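Inspection log for the structure reproduced underneath, given as structure tokens.
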Amino acid sequence: EAGVAQSPRYKIIEKRQSVAFWCNPISGHATLYWYQQILGQGPKLLIQFQNNGVVDDSQLPKDRFSAERLKGVDSTLKIQPAKLEDSAVYLCASSLRGGPAGEQYFGPGTRLTVT
Amino acid sequence: AQSVTQLDSHVSVSEGTPVLLRCNYSSSYSPSLFWYVQHPNKGLQLLLKYTSAATLVKGINGFEAEFKKSETSFHLTKPSAHMSDAAEYFCVVSDTGNQFYFGTGTSLTVIP
């Protein structure tokens, strides 16, 4: 089966610009996650979707970050405007049923550099 | 509040010797615990998970971990290291399933 797809793989922007990342989860997976992984740290969960609804976005900086999963399949994560501290790898993951026992399958990530 | 502490940022072992990667957690509830592995330029992959069943959990590639509630630990072990085990390993805790907390990672080097 095809894995989690993400694009672009790399992105370089200047601060105050906007950027968007795209994720296509494994077919049939209801739960989708976006993580931010800063160099030298573990991934931090930004937002979790169940189908097209938000389950948890408590760690999403809502003044500049937004995410949507309109049709319950693919998802976009946007940053506007970007700051230097947003430089990180943005990981998308999906899970068949979510919850604490659900196995998450991760995409390759998008490496963002903000200059 | 939940948190995860990976006690070693780097571990080096010789090929064929045992591996021990240490993880301690804090959680207000009965947690679910995971170990993920990240090879260079590859996505994170689940090694094993504990979800309140058997306390000794077996995973892929010969890895296993033991949940010890009294010590709030979930250490990852493997009897004999292989060169292909060199990677970054993350311990993860979740209780409600709405939030997953990753440790800062342990980089495993395997010396031939």
Side-chain angles (χ1 to χ4, degrees), chain A residues 1-7 9-10 21 23-26 29-51 53-60 67 88-111, chain B residues 1-10 21-25 27-54 57 59-60 67 74 76 87-107:
Chain A
E1 84 188 339
V4 176
Q6 290 189 247
S7 68
R9 292 294 310 277
Y10 305 91
F21 313 125
C23 172
N24 192 26
I26 293 172
H29 280 198
T31 309
L32 185 148
Y33 311 81
W34 281 104
Y35 289 85
Q36 179 193 58
Q37 185 176 18
I38 293 172
L39 186 64
Q41 299 181 18
K44 181 179 81 171
L45 181 60
L46 296 176
I47 188 167
Q48 179 185 164
F49 292 93
Q50 181 75 14
N51 297 308
V54 175
V55 173
D56 190 293
D57 62 358
S58 57
Q59 301 213 78
L60 187 73
V89 176
Y90 290 85
L91 299 167
C92 180
S94 70
S95 177
L96 184 60
R97 63 170 189 265
E103 177 176 354
Q104 297 182 39
Y105 294 82
F106 285 81
T110 297
R111 183 177 298 276
Chain B
Q2 301 174 77
S3 68
V4 176
T5 302
Q6 291 186 241
L7 299 166
D8 307 292
S9 58
H10 294 93
L21 305 183
R22 298 181 294 167
C23 172
N24 286 98
Y25 70 92
S27 175
S28 302
Y29 305 97
S30 296
S32 292
L33 294 156
F34 309 80
W35 276 97
Y36 279 83
V37 61
Q38 188 172 37
H39 287 94
N41 299 316
K42 291 191 176 181
L44 283 154
Q45 180 184 20
L46 180 68
L47 276 178
L48 49 80
K49 64 180 180 183
Y50 165 79
T51 54
S52 73
V57 182
I60 62 171
F67 172 68
F74 190 58
L76 181 71
E88 189 86 13
Y89 291 80
F90 292 96
C91 183
V92 185
V93 65
S94 176
D95 55 24
T96 64
N98 290 346
Q99 265 296 341
F100 293 82
Y101 295 93
F102 280 68
T104 52
T106 298
S107 177

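Proteins come first, then strands; the chains are lettered A, B, ... in the order of their sequence lines, and each starts at number 1. Predicted model, so just to flag it, every value in this text is computed and none were measured.
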Quick check on [X] against chain A: is it the side chain, the backbone, both or neither that has a heavy atom closer than 4.5 Å?
X: B:Lys42; answer: neither
X: B:Tyr50; answer: neither
X: B:Gln45; answer: neither

Practice item. Sort out for me which of A:Gln37, A:Gln41, A:Lys44, A:Gln50 touches chain B most, counting heavy-atom pairs under 4.5 Å. Key: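 Sorted descending by pairs with chain B, the first entry is A:Gln37.
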
Review point. Do other residues, nucleotides or ligands put more than 12 heavy atoms under 6.0 Å from A:Arg9 CZ?
Key: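 Yes, because the 6.0 Å sphere around CZ of A:Arg9 holds more than 12 heavy atoms from other groups.
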
Review point. Around A:Leu39, counting heavy atoms of other residues, nucleotides and ligands shown, do more than 12 lie under 6.0 Å from its CG?
Key: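 Atom CG in A:Leu39 is not crowded, with 12 or fewer foreign heavy atoms closer than 6.0 Å.
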
Check your understanding: Parallel, tilted or perpendicular: which fits the ring planes of A:Tyr105 and A:His29, with parallel below 30° and perpendicular above 60°?
Key ->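 It falls in the tilted class, 30° to 60°.
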
Exercise for review: Please work out whether the ring planes of A:Tyr33 and B:Phe100 are parallel, tilted or perpendicular, with thresholds of 30° and 60°.
Suggested key: perpendicular

Check your understanding: Can you check whether B:Phe90 reaches B:Gln6 side chain to side chain, under 4.5 Å on heavy atoms?
Key -> yes

Exercise for review: Find the one option among B:Pro31, B:Ser32, B:Gly105 whose heavy-atom pairs under 4.5 Å with chain A are most numerous.
Suggested key: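 Result: the option with the highest number of such pairs is B:Ser32.
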
